[in-house]
Student: 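Sharing a structure with you now.
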Amino acid sequence: MSGIGPDEMAHTLARASSSIGEVALRRRGAVTELIVNGTFVMDTVDVSTEVELATGTLSQHPAPDRVLVGGLGLGFTAATVLADPRVRQVKVVEIAEPLVEWAETGLLPTDLADPRVYLRAGDVGEVLRGGDRWDLILLDVDNGPGFLVREDNAGLYSEAGVSTAYHALAPGGVLAIWSSHLAPELVETMRVVGAGARGAGRGNVQEIVRTIVREGRSFEYAIYLLRRPLGEGDQGGVTDLVPSPLAE
Ligand SMILES: C[S@@+](CC[C@H](N)C(=O)[O-])C[C@H]1O[C@@H](n2cnc3c(N)ncnc32)[C@H](O)[C@@H]1O
């Protein structure tokens, strides 16, 4: 926690219009804030779960070669992926175009200058339907299925959306979805998708829950993980999620 009070004066670092409305980057003391359409999206006071979205998922894969991150936000998940030397390629998809430009010009509080990263403006849903295969897919595009900022994102959390993401995983790959609240319906959807693909039983979904305290209020953030098993013939590989060293 920064110890910066909520009343400290904020000043705007950058502001631009985008396809989802006006995007602004603000500075309040040592804290950077992201505002979209006048609505607070995130700040840098506590980014532990944005970081854990990356570390918790990276720890589940023996060779995370290709990673898809959606969206960029302030870049903490993407920067944490890049800190893992096993990763060879990271595509980061962000719907608010100015954020991509600000990342490239060094305005964000994270350093994404790395030849392994490709920043792309667009909807991560389209990229998931594009036919590429990923070892890890990390989705933090909204508050979660129960509290959407962008209604169009509902499809990403639906059975069809989760199934599309699941089938965009390479065998042995892991899908991770961040949520600002516990989301039992999403767990069920992920189980159904995992089970359907296996043809029997129920998909193995891991839930990592973290309590975050902000300005005296406590919030339960969650990260949901689903692994796509290795195909038949891939003997000896990991087929189920191992208990995360970070999970309780
Ligand atoms: C909470 S922020 C992500 C924070 C990020 N994990 C970090 O470490 O800073 C969510 C981001 O997703 C973007 N976004 C929302 N819907 C999207 C979509 N369908 N495709 C790509 N990006 C999207 C938002 O513009 C916002 O920048």
Side-chain angles (χ1 to χ4, degrees), residues 20-21 23 33-57 60 67-78 80-81 92-96 99 122-128 134 136-166 168-169 174-194 203-215 217-227 241 244 246-248:
I20 59 164
V23 186
E33 300 174 338
L34 173 60
I35 314 288
V36 177
N37 271 332
T39 302
F40 173 87
V41 173
M42 70 176 290
D43 65 19
T44 55
V45 170
D46 184 339
V47 294
S48 56
T49 59
E50 284 83 355
V51 168
E52 191 168 351
L53 175 61
T55 54
T57 316
Q60 295 287 342
V67 182
L68 175 65
V69 178
L72 169 63
L74 294 178
F76 288 94
T77 303
T80 306
V81 172
V92 186
V93 188
E94 168 56 52
I95 206 154
L99 281 175
D123 182 348
V124 72
E126 278 175 28
V127 174
L128 288 168
W134 307 94
L136 305 180
I137 298 175
L138 312 182
L139 297 182
D140 177 11
V141 290
D142 216 300
N143 284 325
F147 181 33
L148 293 175
V149 174
R150 181 176 175 267
E151 279 304 320
D152 286 353
N153 281 336
L156 288 169
Y157 303 97
S158 69
E159 190 175 329
V162 171
S163 176
T164 298
Y166 182 85
L169 289 170
V174 182
L175 166 67
I177 304 179
W178 185 97
S179 176
S180 67
H181 51 270
L182 301 187
E185 309 84 7
L186 178 61
V187 173
E188 186 56 24
T189 301
M190 292 172 84
R191 282 197 177 126
V192 166
V193 167
N204 176 14
V205 178
Q206 187 177 107
E207 181 182 52
I208 301 172
V209 180
R210 295 286 174 254
T211 302
I212 302 292
V213 179
R214 286 185 61 103
E215 293 164 20
R217 290 182 62 202
S218 107
F219 300 87
E220 284 199 314
Y221 292 166
I223 298 167
Y224 297 102
L225 305 177
L226 175 64
R227 179 189 297 283
L241 292 166
S244 167
L246 300 154
E248 277 99 0

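By convention here, the first residue in the shown sequence is residue 1. We use all heavy atoms of the structure for the numbers below, so side chains are in, but hydrogens, waters and symmetry mates are not.
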Student: Could you grab the distance from atom CG of L128 to atom CG of L139, nearest 0.5 Å is fine?
Tutor: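 The distance works out to 6.0 Å.
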Student: Any idea which heavy atoms bring R214 and F40 closest together, and the distance?
Tutor: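 In this case the closest contact between R214 and F40 is NH2-CZ, 3.9 Å.
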Student: Which atom pair, heavy atoms only, marks the closest approach of D43 to D46?
Tutor: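 Smallest heavy-atom distance, with atoms named: OD1-N, 4.4 Å.
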Student: For L225 and V205, what are the C-alpha separation, side-chain angles and deciding distance, and is it a side-chain contact (heavy atoms from CB on, under 4.5 Å)?
Tutor: CA-CA 6 Å; L225 305 177; V205 178; over 6 Å; no
Student: On a heavy-atom basis, which atom in W134 and which in I137 lie closest, and how many Å separate them?
Tutor: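 Closest approach of W134 to I137, heavy atoms only: CB-CG1, 3.7 Å.
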Student: With the side chain counted from C-beta on, respond yes when I223 and I177 share a heavy-atom pair under 4.5 Å apart, and no when they do not.
Tutor: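 With C-beta onward as the side chain, the pair stays apart.
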Student: Taking the side chain as every heavy atom from C-beta outward, state whether Q60 and R227 have any pair of such atoms under 4.5 Å apart.
Tutor: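 Of all side-chain heavy-atom pairs linking R227 with Q60, at least one is under 4.5 Å.
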Student: Is the shortest side-chain heavy-atom distance between V162 and T164 below 4.5 Å?
Tutor: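 No, side chains not in contact.
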Student: With rounding to the nearest 0.5 Å, note down the distance linking CD in E220 to CD1 in I212.
Tutor: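 CD1 of I212 is found 10.5 Å from CD of E220.
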Student: To the nearest 0.5 Å, what is the distance between OH (Y224) and CD (E207)?
Tutor: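 It is 4.0 Å, given to the nearest 0.5 Å.
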Student: Does any N or O in the side chain of E159 come within less than 3.5 Å of the main-chain N or O of V192, such that one atom is a donor and the other an acceptor?
Tutor: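 A pair under 3.5 Å: no.
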Student: Testing the basics here: between D140 and W178, what is the closest heavy-atom pair and its distance to 0.1 Å?
Tutor: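 That closest heavy-atom pairing would be OD1-CE3, 3.4 Å.
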Student: Check V93 against D123 and note the closest heavy-atom contact, atom names and distance.
Tutor: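 Shortest heavy-atom contact: CG1-C, 3.9 Å.
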Student: Would V81 and L138 count as a side-chain contact (heavy atoms from CB on, under 4.5 Å) if you check the C-alpha gap in whole Å, the side-chain angles of each, and the deciding distance to 0.1 Å?
Tutor: CA-CA 10 Å; V81 172; L138 312 182; 3.6 Å; yes
Student: Would you say that V141 contacts E94 through its side chain, given a criterion of any heavy-atom pair below 4.5 Å between the two side chains?
Tutor: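 V141 does not reach E94 side chain to side chain.
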Student: Run the side-chain contact (heavy atoms from CB on, under 4.5 Å) check on V209 and L182 step by step: do they pass?
Tutor: CA-CA 8 Å; V209 180; L182 301 187; 3.7 Å; yes
Student: Can you name the one residue among T49, L53, T55 that meets side-chain contact (heavy atoms from CB on, under 4.5 Å) with V51?
Tutor: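 Checked T49, L53, T55 against V51; only one passes side-chain contact (heavy atoms from CB on, under 4.5 Å): T55.
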Student: Of all heavy-atom pairs between G144 and S179, which one has the smallest distance, and what is that distance?
Tutor: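 Closest approach of G144 to S179: CA-OG, 3.7 Å.
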Student: Could you tell me whether the side chain of L226 reaches within less than 4.5 Å of the side chain of N204, counting heavy atoms only?
Tutor: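 N204 does not reach L226 side chain to side chain.
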Student: Quick check: do L169 and V174 have side-chain heavy atoms less than 4.5 Å from each other?
Tutor: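 Side chain of L169 against side chain of V174, heavy atoms only: no contact under 4.5 Å found.
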Student: Would you check if L136 and L68 make a side-chain contact, meaning some heavy-atom pair closer than 4.5 Å?
Tutor: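 No. Closest side-chain heavy atoms not under 4.5 Å.
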Student: Apply side-chain contact (heavy atoms from CB on, under 4.5 Å) to the pair T189 and S158, showing each step before the final yes or no.
Tutor: CA-CA 7 Å; T189 301; S158 69; over 6 Å; no
Student: What is the distance from atom CD of E185 to atom OH of Y157, rounded to the nearest 0.5 Å?
Tutor: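 Those atoms lie 12.5 Å apart.
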Student: Looking at CE of M42 and CG of L34, how far apart are the two atoms once the value is rounded to the nearest 0.5 Å?
Tutor: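 Rounded to the nearest 0.5 Å, the CE-CG separation comes to 7.0 Å.
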Student: Is a side-chain donor or acceptor of H181 paired with a backbone partner of Y221 at a separation under 3.5 angstrom?
Tutor: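 No, the answer is negative, given that no donor and acceptor are paired below the 3.5 Å cut-off.
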Student: Within a strict 4.5 Å, meaning less than it, do heavy atoms of the L148 and N143 side chains meet?
Tutor: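 No; the side chains remain at least 4.5 Å from each other.
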Student: Please report the interatomic distance CG(L99) to CD1(I95), rounded to the nearest 0.5 Å.
Tutor: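 Reported value, rounded in 0.5 Å steps: 11.5 Å.
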